Amino acid sequence: MDAVSCSGVLPQMKLSGSDLSRSDHKFPIGRSSWRSIGSLSCNSSKGLRLVPKKLTVLCSASSDEMMFGVSRCDKKSPVGETFCAAAGVCTYGGTAVESHHSHTVEEKVGVLLLNLGGPETLDDVQPFLFNLFADPDIIRLPRLFRFLQKPLAKLISVLRAPKSKEGYASIGGGSPLRKITDEQANALRMALESKDMPVNVYVGMRYWFPFTEEAVQQIKRDRITRLVVLPLYPQFSISTTGSSVRVLQKIFRNDPYLSGVPVSVINSWYQREGYIKSMADLISKELESFSEPAQVMIFFSAHGVPLSYVKESGDPYRDQMEECIFLIMKELKARGINNEHTLAYQSRVGPVQWLKPYTDEVLVELGQKGVKSLLAVPVSFVSEHIETLEEIDMEYKELALESGIENWGRVPALGCTPSFITDLADAVIEALPLATATATPKTTSAVDHDPMRWAIKMFFGSFLAFFLFFSPKMLMAFRNHLI
Ligand SMILES: C=CC1=C(C)c2cc3[nH]c(cc4nc(cc5[nH]c(cc1n2)c(C)c5CCC(=O)O)C(CCC(=O)O)=C4C)c(C)c3C=C
Ligand SMILES: [Fe+2]
């Protein structure tokens with residue numbers, strides 16, 4: 001197997017074995033170019049050879065493509081220890097480890113904000129859900145069953161649409177995500193301009209308009225010469241940043257112009273001081289609205305992912321989430337706020353086990369234990385969306401009040417909070433010099449060319465699919481969780 005090379009240590013950072021077990025530095029490894037899954041060794045520009053004990057190189061569920069995530073798995077502290085791409089900036093892997101660009105042409109810098117996207121009208125809900133469930137990073141079928149991805153997405157989206165529509169109807173008939181993301185894009189452009197960095201900012205959504213593909217076409221039309229990709233998810237997950245970056249990687253790799261554009265992907269930024277401080281500001285402000293602020297339980301509610309992502313596929317999401325909460329609480333303590341806190345995961349979908357504890361169960365338990373005041377803090381997303389406006393503000397609030405909690409509050413999403421936007425602007429500035437070009441030729445699998453192998457695959461796939469669809473467990477699961 002090929003070794004994965006990580007290089008480009010920032011000049012001000014001295015890297016050593018102990019640095020690798022810390023997680024407070026921002027960019028321990030600047031550039032990386034990954035060729036295949038396997039052993040990982042990191043070479044710093046100072047000639048240090050770094051071989052951390054145990055590393056997981058994330059691989060896309062859907063193909064041989066690499067995900068931009070590397071997580072360190074030898075957990076020593078409750079905050080988790082992720083580093084490399086998962087904690088800093090990673091650039092598209094390509095044939096060359098580094099490309100040193102000569103600056104003979106005038107730079108035209110672009111920033112691409114990646115987000116999930118949401119239905120704008122109730123009629124959009126089912127097709128939006130179809131796009132979501134058709135994503136092989138959301139519903140992860142074994143290779144043999146991949147041809148079922150779209151029929152299954154159609155089935156689940158049709159079954160789930162009525163329930164989802166109710167949710168979207170209750171928040172005004174559609175998702176506010178596009179509007180908020182556009183506002184964030186504009187605020188970021190202005191923040192960068194005020195830092196003497198004129199850029200074009202683009203918005204690329206994964207499952208609804210404006211799709212990532214459209215944004216990339218605009219980037220091409222604008223002849224952008226250097227690009228920073230900033231997913232609006234503070235923590236990395238295969239299902240969010242991973243999925244969006246996979247799409248982007250595919251487009252860039254196959255395009256002669258784009259594959260030459262140096263790109264820098266900011267995989268996660270939950271550990272940035274500006275973000276942590278902005279979150280602490282919002283929490284401390286909201287605590288003040290309670291009559292006895294010190295008695296309030298700070299309840300972090302993160303969007304869940306299926307447990308298998310973390311356990312089997314090495315998704316660093318849970319580790320990063322725990323570290324993020326640790327850093328926010330550390331910041332609050334430094335300000336003299338010593339409230340109790342807890343973390344739970346919300347919004348599970350489907351029959352499989354998701355990250356625990358579940359938000360709804362913890363709320364009931366807290367109520368039973370006698371907690372009277374609770375401040376909910378959505379922590380995996382930076383804009384208001386259906387899961388804050390409907391799930392937390394309506395469903396969970398009602399459940400909490402029924403369970404004995406008397407005083408309920410909720411911290412707003414960061415949105416366009418100036419300190420947060422300024423920090424994103426700094427993240428872009430730091431990422432810019434680390435950009436490298438793509439240029440990996442597309443490889444096709446043997447199956448694509450071999451009709452016999454294709455026929456065998458289809459035959460066994462259909463056979464297994466029949467049992468999967470009509471097994472009592474599957475039918476029960478649809479009934480209980482999707483409708
Ligand atoms: C960090 C954030 C998110 C993770 C991780 C995530 C994983 C994930 N989500 C689903 C299924 C659904 N998500 C839906 C909406 C939705 N998801 C996120 C964020 C994360 N998802 C957001 C911000 C939104 C809201 C968008 C909006 O319109 O406001 C939905 C649709 C809504 C509904 O019907 O409940 C589904 C379905 C899975 C399966 C998954 C991990 C595998
Ligand atoms: Fe989701």
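Position 1 is the first residue of the sequence, and the numbers go up from there. What you see is a predicted model; the values in this text were computed from it and never measured. Remember, it's 1-based here, ligands and their atoms both numbered in the order they're listed.
- Between the side chain of R410 and the backbone N or O of D393, no donor-acceptor pair lies under 3.5 Å.
- Looking at residues two or more places apart in sequence or on another chain, you find a salt bridge (Lys or Arg N to Asp or Glu O under 4.0 Å) between K277 and E273.
- Listed by first and then second residue, the salt bridge (charged side-chain N to carboxylate O under 4.0 Å, His left out) pairs that reach into residues 115-124 are E120-R178, sequence neighbours excluded.
- Under the rule for a ring-ring contact (aromatic ring centres under 6.0 Å, His included), Y202 has no partner lying at least two apart in sequence or in another chain.
- Ring orientation note: the planes of Y345 and Y317 are tilted relative to one another, at an angle of 30° to 60°.
- A distance-only check finds a donor-acceptor pair linking the side chain of W269 to the backbone of P231 [under 3.5 Å].
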For ligand 1, what N or O to protein N or O distances fall under 3.5 Å?
residue, atom, partner, partner atom, Å
ligand 1, 17 (N), H303, NE2, 3.4
ligand 1, 21 (N), H303, NE2, 3.0
ligand 1, 28 (O), Y168, OH, 2.5
ligand 1, 28 (O), S175, OG, 3.1
ligand 1, 29 (O), S175, OG, 3.0
ligand 1, 29 (O), I386, N, 3.1
ligand 1, 34 (O), R160, NE, 2.9
ligand 1, 34 (O), R160, NH2, 3.3
ligand 1, 34 (O), S164, OG, 2.4
ligand 1, 35 (O), R160, NH2, 2.8

